[in-house]
Amino acid sequence: MTLLSNLLPLSHVQVGIEITSKKRAFEEVGLLFEDLYALSRATVGDSLFARERLGSTGLGHGVAIPHGRIKGLKHPLLAVFLLDQPIGFDAPDEQAVKLMFFLLVPEASNQQHLEILASIAALLGQSSIRDALLGCKSAQALHEMILEKSAAVSS
């Protein structure tokens, strides 16, 4: 099993979401984690925006990895959204973002936080994988492809 497969259940993957802004994306993932884990959606959004103020988490090529730290969180949480239409995200290449990996980690998590980010970046850093992920039509297909490709990248 890979690091990502341990963190990403199918219930955390959404495809075809209609979101029109970064703020709305953060609200949606906040709602997801609120529904599944009773985390305050405001806490989730505040954490993601706090990190975003340090610099955009848009990587370029239509992908972003918004991430933040949550006080009291017991273990990392990961969600993936593939949007219906790309949104502006202040990415270095100025390309709108369609694929978002949201990562929340416990406040004191440093090494694990970096390892997870590195795993996601390695996955998204390969154009063939990135293009395949962007082309998925269902949450099931996206979930399976992330697990399959992350296993290939990490081996």
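These numbers were taken from a predicted model, which means no experiment stands behind them.
The two residues Pro106 and Pro76 have their closest heavy-atom pair at CD-N, 3.9 Å. Residues Gly60 and Ala91 come closest through the heavy atom pair N-CB, 3.9 Å. Residues Ser47 and Ile70 approach most closely at CB-CD1, 3.6 Å, considering heavy atoms. For Phe26 against Pro66, the heavy-atom pair with the smallest separation is CE1-CB, 3.7 Å. Between Ala64 and Gly58 the shortest heavy-atom distance is CB-CA, 3.7 Å. For the residue pair Val97 and Leu83, the shortest heavy atom distance occurs at O-CD1, 3.7 Å.
Between His113 and Arg69 the shortest side-chain heavy-atom distance falls below 4.5 Å. Under the 4.5 Å side-chain criterion, counting only non-hydrogen atoms from C-beta, Val29 is not in contact with Leu104. Side-chain contact between Leu32 and Val44 is absent, with no heavy atoms from C-beta onward closer than 4.5 Å. By the 4.5 Å heavy-atom criterion applied to side chains, Leu123 and Leu133 are counted as neighbours.
For the atom pair NE2 of His143 and OG of Ser5, the computed distance is 8.0 Å after rounding to the nearest 0.5 Å. Rounded to the nearest 0.5 angstrom, Leu103 CG and Gln112 CD are separated by 9.0 Å. Atom CG of Leu10 sits about 10.0 Å away from atom NE2 of His12, to the nearest 0.5 Å. Rounding to the nearest 0.5 Å places OG1 of Thr43 at 13.0 Å from CZ of Phe33.
Connection of Ile65 to Phe81 is not established within any shared hydrophobic cluster, with ILVMFWY side chains joined at heavy-atom distances below 4.5 Å, either directly or through further cluster members. Hydrophobic clustering places Leu7 together with Ile129 (ILVMFWY residues linked when any side-chain heavy atoms are closer than 4.5 Å, directly or through intermediates). Using a 4.5 Å cut-off between side-chain heavy atoms of Ile, Leu, Val, Met, Phe, Trp and Tyr, with links allowed through other members, Ile19 and Leu134 fall into different hydrophobic clusters. Residue Tyr37 is grouped with residue Phe102 when hydrophobic side chains (ILVMFWY) are merged at heavy-atom distances under 4.5 angstrom, including chains of intermediate members. Taking hydrophobic clusters as Ile, Leu, Val, Met, Phe, Trp and Tyr residues chained together by side-chain heavy-atom distances below 4.5 Å, Leu78 shares a cluster with Ile146.
The salt bridge (Lys or Arg N to Asp or Glu O under 4.0 Å) pairs that include a residue from residues 110-135 number zero, where partners must be two or more places apart or lie in different chains. Under the side-chain hydrogen bond (donor to acceptor under 3.5 Å, both in side chains) criterion, the residue pairs touching residues 15-31 are Lys22-Glu52, Lys23-Glu27, Arg24-Glu27, Arg24-Glu28, with sequence neighbours excluded. Evaluation of the salt bridge (Lys or Arg N to Asp or Glu O under 4.0 Å) test over residues 41-51, restricted to residues two or more places apart or in two chains, returns Glu34-Arg41. Among residue pairs with one or both ends in residues 82-108, none qualify as side-chain hydrogen bond (donor to acceptor under 3.5 Å, both in side chains); sequence neighbours excluded.
Judged as a side chain to side chain contact (heavy atoms under 4.5 Å, CB included), and not counting sequence neighbours, the contacts of Ser138 are Gln140, Ala141. Checked against side chain to side chain contact (heavy atoms under 4.5 Å, CB included), Val15 has the following partners two or more places apart in sequence or in another chain: Leu82, Ala139, Leu142.
Between the side chain of Ser56 and the backbone N or O of Phe89, at least one donor-acceptor pair lies under 3.5 Å.
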For this session: Check the pair Ile116 / His67 against side chain to side chain contact (heavy atoms under 4.5 Å, CB included), numbers first and verdict last.
Result: CA-CA 10 Å; Ile116 297 166; His67 53 283; over 6 Å; no

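If you run side chain to side chain contact (heavy atoms under 4.5 Å, CB included) between Leu77 and each of Leu36, Leu8, Leu39, only Leu39 comes through.
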